[in-house]
A.B. asks: 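Have a look at the structure that comes next, please.
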2 protein chains.
Amino acid sequence: MSEVLTRPADICAHHRPNGCTRCKVRLISVCSVLNPSDLSELEAMNRPRKFGVRENIATENETAENVFSITEGMVRIYRMLPDGRRHILGFGLPGDFLGLSLLSMFDFSADAVTDVSVCQFPRKVFASFVDRKPYFLKRLHEFSNNELRLAQHQIVVLGRKSADERVSAFIIMLRDRMRGAGYSSATLPLPMNRQDIADYLGLTIETVSRTLTRLAKEKFILIVPGGVRLLRADRLEEFAAA
Amino acid sequence: MSEVLTRPADICAHHRPNGCTRCKVRLISVCSVLNPSDLSELEAMNRPRKFGVRENIATENETAENVFSITEGMVRIYRMLPDGRRHILGFGLPGDFLGLSLLSMFDFSADAVTDVSVCQFPRKVFASFVDRKPYFLKRLHEFSNNELRLAQHQIVVLGRKSADERVSAFIIMLRDRMRGAGYSSATLPLPMNRQDIADYLGLTIETVSRTLTRLAKEKFILIVPGGVRLLRADRLEEFAAA
DNA sequence: CGTTGAGTTGACCATCGTCAACAGGAGTGG
DNA sequence: CCACTCCTGTTGACGATGGTCAACTCAACG
């Protein structure tokens with residue numbers, strides 16, 4: 001008889017095999033704090049979708065029709081300068097949220113580095129949900145402050161560090177964030193290309209390449225297809241912290 | 001008889017000549033959204049105080065006993081690297097808030113560039129006030145997102161711009177923020193020293209000095225004691241945006 | 001009038017950017 | 001199956017931007 005007594009939420013989850021209750025990133029995403037009833041309400045406004053490699057997800061100075069919670073893949077978040085120079089502000093990983101400010105315009109562009117899956121919510125509907133759930137706003141505020149902390153870390157990296165230190169800091173930062181997103185392996189995948197790394201670190205593609213080669217020659221890392229294996233994480237951490 | 005019929009809030013304001021109702025920065029500070037009753041409640045927990053030049057206001061990795069809303073003066077917000085290098089994350093102006101995350105530890109240090117006046121609130125009491133006032137939390141969230149936007153702007157400056165562009169961007173940014181804080185004049189005060197500017201822009205004191213001299217030689221600025229006069233703001237803006 | 005500290009300027013140098021050539025893998029077509 | 005192209009990444013030679021080190025000016029202060 002226990003089948004019959006199953007709660008409605010569970011029945012829903014059964015009918016939606018990708019429902020929030022089975023979401024792999026729920027505990028690290030903004031949704032983690034939601035009680036079952038509010039989670040259902042939010043799920044009802046979710047239009048999950050996928051983006052292919054290089055597909056555009058959001059564009060700077062365009063109306064933000066939707067906001068996104070990343071569930072799979074990696075996103076490139078960037079701004080363009082008037083003369084065509086690009087700077088990558090960061091890489092979005094599963095659990096990250098795009099559009100935290102809930103403002104009507106994006107102040108960044110975003111596109112898919114790998115195939116990407118997201119929960120997509122109409123911004124206005126999402127914003128009114130947030131207005132009715134102060135404890136959820138608190139969660140968004142935590143996320144914004146965490147983003148701010150990361151941005152300030154990057155400011156120090158760009159303002160005060162050498163190429164070696166920047167590349168080391170990048171590797172360690174990405175390893176830590178991948179761990180936070182549930183990934184764990186001796187080999188760190190680097191699905192973005194060298195130009196992306198350069199545009200993130202304020203270097204050129206040649207300097208990134210040379211620096212990685214140097215770190216490999218000194219046996220701190222091993223360059224493998226699609227990523228790096230960390231051989232001496234301790235030395236990299238020293239460089240990164242410097 | 002109108003004296004007698006004065007509302008209690010006005011009487012309070014009368015007894016507290018520096019009370020919130022007379023606050024010069026109220027409309028641009030976090031407090032702007034508060035209704036009169038909530039404003040009084042917040043005011044009751046305010047311990048206004050002043051900091052002298054170079055006096056420490058907050059220290060990285062120390063317990064955040066208090067949070068601050070700046071009402072007068074300029075604050076230097078920075079992080080130290082293990083080897084003693086310093087990087088300045090930003091300059092706090094009247095209306096800015098220190099401790100937006102409400103976390104128990106500061107992730108930055110702050111000290112006074114000029115004499116500084118602040119509204120000081122015990123963090124825990126302030127946090128519980130925020131918990132009871134969702135519309136105020138929303139205001140803090142707006143402030144955090146604005147800080148994030150500024151930080152990302154600075155990331156682009158540090159990642160992609162030349163010394164000329166950085167110094168121009170600094171001057172224009174400071175002018176815009178001073179305007180936002182109610183200040184307006186053809187002469188922009190630079191109360192921080194050259195080392196501070198260098199540590200903010202990821203340059204050395206010599207490069208900042210040379211760059212300012214160059215901008216002055218080209219008649220874009222005039223260097224005056226304690227600041228600069230903008231002669232060709234349009235040209236500076238071009239450089240800054242580049 | 002000497003001392004101190006901030007700022008400026010000059011000479012030299014190192015790091016990283018620029019430009020160019022080359023290597024290697026993926027995809028395509030004969 | 002191989003030749004060809006394309007694209008990404010690597011490596012080398014050279015140069016420019018900004019850093020380093022040192023000297024000097026100037027104002028504030030005793």
Side-chain angles (χ1 to χ4, degrees), chain A residues 53-54 74 76 81 83-88 113-114 157-171 188-218 221-229 239 242, chain B residues 53-54 74 76 81 83-88 113-114 157-171 188-218 221-229 239 242:
Chain A
V53 172
R54 281 167 214 270
M74 184 180 282
R76 184 164 44 214
L81 300 192
D83 64 358
R85 281 177 290 181
R86 179 184 71 162
H87 192 85
I88 292 186
V113 173
T114 63
V157 168
L158 296 175
R160 280 283 164 258
K161 301 201 178 180
S162 69
D164 288 4
E165 291 166 349
R166 291 184 201 200
V167 172
S168 302
F170 169 70
I171 291 171
L188 180 71
L190 297 178
M192 74 291 286
N193 61 29
R194 295 288 187 266
Q195 186 63 60
D196 290 338
I197 300 176
D199 285 352
Y200 179 68
L201 294 178
L203 300 170
T204 58
I205 185 173
E206 293 93 335
T207 301
V208 170
S209 182
R210 275 188 254 269
T211 305
L212 285 171
T213 303
R214 198 173 326 125
L215 291 176
K217 280 205 180 109
E218 302 191 20
I221 60 172
L222 181 67
I223 299 175
V224 297
V228 292
R229 176 179 290 263
F239 264 130
Chain B
V53 172
R54 280 166 214 271
M74 185 181 281
R76 184 165 41 215
L81 299 192
D83 63 0
R85 282 178 289 182
R86 179 183 71 160
H87 192 85
I88 292 187
V113 173
T114 63
V157 169
L158 296 174
R160 280 281 165 258
K161 302 202 179 183
S162 69
D164 288 4
E165 292 167 348
R166 290 184 202 201
V167 172
S168 302
F170 169 70
I171 291 172
L188 181 71
L190 297 177
M192 73 293 285
N193 62 29
R194 295 288 187 267
Q195 186 64 59
D196 288 339
I197 300 176
D199 285 352
Y200 177 67
L201 294 177
L203 300 170
T204 59
I205 185 173
E206 294 93 335
T207 299
V208 170
S209 182
R210 275 189 256 267
T211 304
L212 284 172
T213 302
R214 199 172 324 127
L215 291 176
K217 279 201 180 115
E218 304 193 18
I221 61 172
L222 182 65
I223 300 174
V224 297
V228 292
R229 176 180 290 263
F239 264 131

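Every chain is numbered from 1, with letters handed out A, B, ... down the list of sequences.
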A.B. asks: Expressed as a whole number of angstroms, how long is the span from B:R210:CZ to D:dA16:C1'?
C.D. replies: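 Rounded to whole Å, this separation is 14 Å.
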A.B. asks: State the CG-NZ distance between A:L212 and A:K217, to the nearest 0.5 angstrom.
C.D. replies: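 So the CG of A:L212 and the NZ of A:K217 are separated by 12.0 Å.
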A.B. asks: Identify the heavy atoms of B:T211 and B:D164 that sit nearest to each other, and give their distance.
C.D. replies: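 It is CG2-OD1, 3.5 Å.
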A.B. asks: Rounded off to whole Å, could you give me the CG-to-C1' distance for the B:L203 and D:dG19 pair?
C.D. replies: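 Interatomic distance, CG of B:L203 to C1' of D:dG19: 10 Å.
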A.B. asks: Quick check for you: to the nearest 0.5 Å, what is the distance between B:M74 atom CE and B:M192 atom CE?
C.D. replies: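 If I round to the nearest 0.5 Å, the distance is 4.0 Å.
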A.B. asks: Could you please name the option among D:dG18, C:dT18, C:dA6 that lies closest to any side-chain atom of A:T204?
C.D. replies: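 The answer is C:dT18, which lies nearest to the side chain.
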A.B. asks: Tell me whether B:R85 is salt-bridged to B:D199, with the criterion being a basic N under 4.0 Å from an acidic carboxylate O.
C.D. replies: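 No, this pair does not count.
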A.B. asks: Could you give the distance from CG (B:L215) to CD1 (B:I223), rounded to the nearest 0.5 Å?
C.D. replies: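 CD1 of B:I223 is found 8.0 Å from CG of B:L215.
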A.B. asks: Among the nucleotides D:dT11, D:dG18, C:dT8, which one has an atom lying closest to any side-chain atom of B:T213?
C.D. replies: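 Of the options given, the side chain of B:T213 lies nearest C:dT8.
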A.B. asks: Assign each of A:I223 and A:R160 to its nearest nucleotide of DNA chain D by heavy atoms, then name whichever residue's nucleotide is nearer the 5' end.
C.D. replies: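 Between the two, 5'-proximity favours A:I223.
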A.B. asks: For the pair made of CZ in A:R166 and C1' in C:dG17, what is the distance, rounded to whole Å?
C.D. replies: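 About 12 Å, once rounded to whole Å.
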A.B. asks: Write down the distance between CZ (B:R85) and P (D:dG19), rounded to a whole number of angstrom.
C.D. replies: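 To the nearest whole Å, that distance equals 12 Å.
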A.B. asks: Rounded to whole Å, please give me the gap between CG in B:D199 and P in D:dG19.
C.D. replies: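 So the CG-P distance, B:D199 to D:dG19, works out to 11 Å.
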A.B. asks: Taking the minimum atom-to-atom distance to the side chain of B:T207, which one of D:dT11, C:dG17, D:dG19 wins?
C.D. replies: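 So the nucleotide nearest the side chain must be D:dG19.
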A.B. asks: For the pair made of CD1 in A:I197 and P in D:dT10, what is the distance, rounded to whole Å?
C.D. replies: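 Result: 9 Å.
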A.B. asks: Atom NZ of A:K217 and atom P of D:dT11: how far apart are they, to the nearest Å?
C.D. replies: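 In whole Å, D:dT11 P lies 6 Å from A:K217 NZ.
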A.B. asks: Which is true for B:L212 with a 4.0 Å heavy-atom rule: it touches a base, it touches only sugar-phosphate, or it touches nothing?
C.D. replies: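 Contact class for B:L212: none.
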A.B. asks: Starting at atom CG of A:N193, determine the distance to atom P of D:dC7, rounded to an integer number of angstrom.
C.D. replies: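 The distance from CG of A:N193 to P of D:dC7 comes to 13 Å, rounded to the nearest Å.
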A.B. asks: Would you say D:dT17 has OP1 or OP2 under 4.0 Å from some side-chain N or O of B:S162?
C.D. replies: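 Result: no.
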A.B. asks: Is any N or O donor-acceptor pair between the side chain of B:E206 and the base of D:dC21 shorter than 3.5 Å?
C.D. replies: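 Such a pair exists between side chain and base.
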